[in-house]
2 protein chains.
Amino acid sequence: MRGGKPTIDDVAALSGVARATVSRVLNGGPNVREEVRQRVLKAVDKLQYKVNMQARFLAGGKTQVLGLVYASDLDSEPNSFYHSGLELGALRGCAEAGFQLLMHTVNQHSLGKTAKIIELVDSRRCDGLILTPPFSDDCDLLRELEARNCPVVCISPGLAAQKVASGVGIDDEVAGYEMTRYMLSLGHKKFGFIKGLEGHLSAEERYSGFRRAIAEAGIGEADVTVMRGNFTFRSGVDLTAAILGNGHRPSALICANDDMAVGALFSAHKVGLNIPQDLSIVGFDDTPVSEIIWPPLTTVNQPLKTIGYRAVEMIVERIKAGKTASGPLPVRFDVVPHKVVMRESASPPQG
Amino acid sequence: MRGGKPTIDDVAALSGVARATVSRVLNGGPNVREEVRQRVLKAVDKLQYKVNMQARFLAGGKTQVLGLVYASDLDSEPNSFYHSGLELGALRGCAEAGFQLLMHTVNQHSLGKTAKIIELVDSRRCDGLILTPPFSDDCDLLRELEARNCPVVCISPGLAAQKVASGVGIDDEVAGYEMTRYMLSLGHKKFGFIKGLEGHLSAEERYSGFRRAIAEAGIGEADVTVMRGNFTFRSGVDLTAAILGNGHRPSALICANDDMAVGALFSAHKVGLNIPQDLSIVGFDDTPVSEIIWPPLTTVNQPLKTIGYRAVEMIVERIKAGKTASGPLPVRFDVVPHKVVMRESASPPQG
DNA sequence: CCCGTCATTGGAAGCGCTCTCAATTCCTGC
DNA sequence: GCAGGAATTGAGAGCGCTTCCAATGACGGG
């Protein structure tokens with residue numbers, strides 16, 4: 001033991017068996033006499049022996065670590081609510097599966113963004129990766145990872161990425177469609193839509209759903225105003241101001257996420273509009289603010305924790321498969337249920 | 001190379017040197033002829049060789065991984081803004097220091113909460129730990145960790161913990177004091193204070209600062225109402241309702257965090273109060289909502305990202321010291337600057 | 001009572017890298 | 001041209017654990 005922490009050999013020595021036997025006991029292997037097992041366990045306890053994962057994994061060629069990658073740069077702060085939700089769910093999943101979660105952020109505008117992620121797996125730091133938007137839409141990255149045989153699960157990937165790697169998420173197109181249908185059902189006929197950052201395909205899907213519903217309802221191009229924001233409160237404020245200043249004012253404004261919707265609310269308040277009487281405003285995500293703000297925001301709830309949890313389940317599944325079976329698991333996309341949450345920021349249009 | 005990934009031996013073979021030499025080149029060791037270095041580098045490049053961290057760390061006895069621990073249970077959702085801020089800062093620090101960040105949540109009410117954290121270091125999963133409240137106040141845990149010689153840095157520890165382990169944070173007592181002084185300067189004479197969860201000593205410090213300012217101002221016990229919340233919006237709502245229903249209404253309400261302040265705002269609005277004319281409400285933390293809410297919340301900003309970043313710096317420092325020097329580094333507490341952010345939820349009392 | 005089986009157990013070869021220490025080579029200065 | 005010392009380089013011993021394979025022992029059938 002040489003003063004340091006006890007090793008498996010110390011346990012073996014103390015219990016009078018071979019190292020291999022201790023290993024068997026530790027890993028619940030078969031073919032160990034009960035009496036021997038007890039003897040080993042007693043030694044483990046007496047020595048306060050703890051497996052050195054570092055060594056176990058070197059020998060076993062794994063790490064029991066999953067990487068969760070998300071984007072962060074100085075201009076667009078990551079949405080903390082969104083990421084915390086996913087993280088919490090993932091953490092729960094990891095705890096159950098006996099994995100650890102390694103966080104990794106990369107500036108999506110940096111040149112070596114892909115390299116940094118790839119290195120994580122090349123240097124054997126983790127057994128699998130969970131990618132969040134917009135990385136979950138980076139097909140090149142996905143393919144590189146696949147070439148390295150690295151299990152990957154994407155959070156809310158767009159259609160293209162869904163063909164390349166497995167993913168989890170809500171059906172954004174349907175969510176956008178349903179939300180729009182709801183607004184339509186309230187009697188709205190003139191719409192505004194604030195899109196999110198380009199490249200976030202899942203947010204773009206919400207827009208597709210919106211278009212589908214609009215088209216079905218026979219609403220003409222002249223009655224819809226579309227703008228592109230960047231998911232921030234600020235952009236919601238600015239774009240809404242632009243939309244409202246524009247004369248041909250919509251009666252319903254749909255935003256691709258809550259932050260922008262809250263910005264819209266802010267802007268509308270500022271010009272003296274009553275919400276929802278004068279303008280219905282709705283968002284996406286159901287972040288905590290949407291409940292706190294006045295009026296409470298009608299929005300779409302997506303079960304972030306469930307998504308994070310499911311992502312871990314899926315990836316663990318793939319990791320196991322990778323080591324058991326021969327052929328790689330087929331790519332799949334798991335849809336988790338979303339829900340339109342009706343609060344008070346949307347109502348039938350006045351007059 | 002046997003089909004798998006190239007190893008250091010493959011590089012050694014290809015470049016015609018010994019394994020040790022390749023290692024030296026890889027680690028920037030001295031005493032390698034330039035010509036040899038180039039040869040090795042070329043082989044590395046040609047083979048697309050990547051160090052297997054797993055192996056490097058087993059040999060070196062380190063992991064280059066830092067653990068960030070935070071509490072989470074089902075009843076009290078962790079404050080995503082708070083944790084994301086710290087995490088982001090820590091992540092940035094890790095990236096610069098060449099470390100990875102392992103996240104770990106533990107239910108603070110579970111029995112084995114300490115064991116789970118200890119195991120993280122016992123099983124050699126990380127080289128150091130960053131503890132957030134309330135774990136940063138768990139002196140028993142801190143001592144156990146110290147016994148294991150595990151570098152630890154606490155985020156916003158209370159006075160007791162500051163003596164046991166190093167930490168970073170703002171000076172909460174002074175922050176509470178300053179905020180109260182500010183309210184006093186506005187002319188308030190009757191106060192309400194909503195405390196946070198018991199055991200979160202740093203939040204308790206804010207209260208101490210409040211008491212100090214109140215005492216200095218010669219305000220009597222009869223003019224302050226104190227309640228204990230649990231940091232949630234809900235508790236802010238409920239406790240404020242209680243305070244307002246109580247007759248002897250304060251003109252200023254100070255909450256130990258923003259969520260509760262927002263709840264207070266909500267409750268006050270509900271009973272028809274004008275904020276800040278009828279009641280000034282202030283919080284702590286400067287979360288994003290505080291800017292979005294109406295009226296914008298006067299609060300105390302603490303630089304979370306800086307704190308997270310600094311925590312990593314400190315821990316890396318300790319890790320290096322642990323391996324170089326003999327004596328352990330002295331315990332220290334780094335104070336980062338906070339700032340009272342004056343917005344519109346506080347004003348001189350009416351009448 | 002002997003031999004094939006099967007449950008147990010031990011031995012030893014790695015996993016891929018770091019690091020100590022000895023061997024070798026290269027320069028100096030005289 | 002050669003000794004002494006510094007600069008390089010190579011060999012090999014781990015780091016602590018998993019796992020393949022051979023060895024041992026017990027048992028039941030012939």
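All chains are named by letter (A, B, ...) in the order of the sequence lines, taking the proteins before the strands, and each is independently numbered beginning at 1.
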| said: Once you apply a heavy-atom cut-off of 4.0 Å, does B:N31 come out as touching a base, just sugar-phosphate, or nothing? | reply: base
| message | Using whole Å, what does the distance between atom P of nucleotide D:dT18 and atom CD of B:Q54 come to? | response | 13 Å
| query | Can A:E119 and A:K116 be counted as an ion pair, charged N to O under 4.0 angstrom? | reply | no
| field | Length of the CZ-C1' vector between B:R33 and D:dA6, whole Å | value | 15 Å
| Please give, in whole Å, the distance from D:dT18 P to A:Q64 CD? | 12 Å
| message | Measure CD1/A:I8 against P/D:dT18 and give the value in whole Å, please. | response | 5 Å
| request: Can you see which heavy atom on A:Y70 is nearest to which on B:L91, and at what distance? | output: OH-CD2, 3.6 Å
| message | Students often get this wrong, so: under 4.0 angstrom with heavy atoms, is A:V22 touching a base, only sugar-phosphate, or nothing? | response | nothing
| query | Could A:E146 and A:R143 be called an ion pair, given the rule that one side-chain N must be under 4.0 Å from one carboxylate O? | reply | no
| task | Tell me whether the OP1 or OP2 atom of C:dC15 has a side-chain N or O from B:N52 closer than 4.0 Å. | result | no
| request: Decide yes or no, distance alone: a donor-acceptor N/O pair under 3.5 angstrom between the base of D:dT18 and the side-chain of A:R19. | output: yes
| Side-chain N,O (B:T21) to OP1/OP2 (D:dT9) below 4.0 Å | no
| Toward the 5' end of DNA chain C, which comes first, A:A20 or A:P30, by nearest nucleotide? | A:P30
| said: Measure CG/B:D9 against C1'/D:dA11 and give the value in whole Å, please. | reply: 12 Å
| message | For A:R24 and A:R124, find the nucleotide of DNA chain C closest to each by heavy atoms; which residue's nucleotide sits nearer the 5' end? | response | A:R24
| D:dG14 P sits how many Å from A:L58 CG, rounded? | 17 Å
| task | Check the pair A:K5, B:R124 against side-chain contact (heavy atoms from CB on, under 4.5 Å), reporting the backbone distance first and the verdict last. | result | CA-CA 11 Å; A:K5 308 193 59 163; B:R124 292 254 125 80; 3.1 Å; yes
| field | Under 4.0 angstrom between B:R56 side-chain N/O and C:dT18 OP1 or OP2 | value | yes
| task | Enter the distance from B:I117:CD1 to B:T105:OG1 here, rounded to the nearest 0.5 Å. | result | 10.0 Å
| Can you tell me how far P of C:dC17 sits from CZ of A:R125, to the nearest Å? | 14 Å
| task | Indicate, with a heavy-atom threshold strictly under 4.0 Å, whether B:V32 touches base, sugar-phosphate, or nothing. | result | sugar-phosphate
| said: Is the phosphate of D:dC17 approached by A:S23 (side-chain N or O, under 4.0 Å from OP1 or OP2)? | reply: no
| said: Output the rounded distance in Å from CE (A:M53) to P (D:dC17). | reply: 10 Å
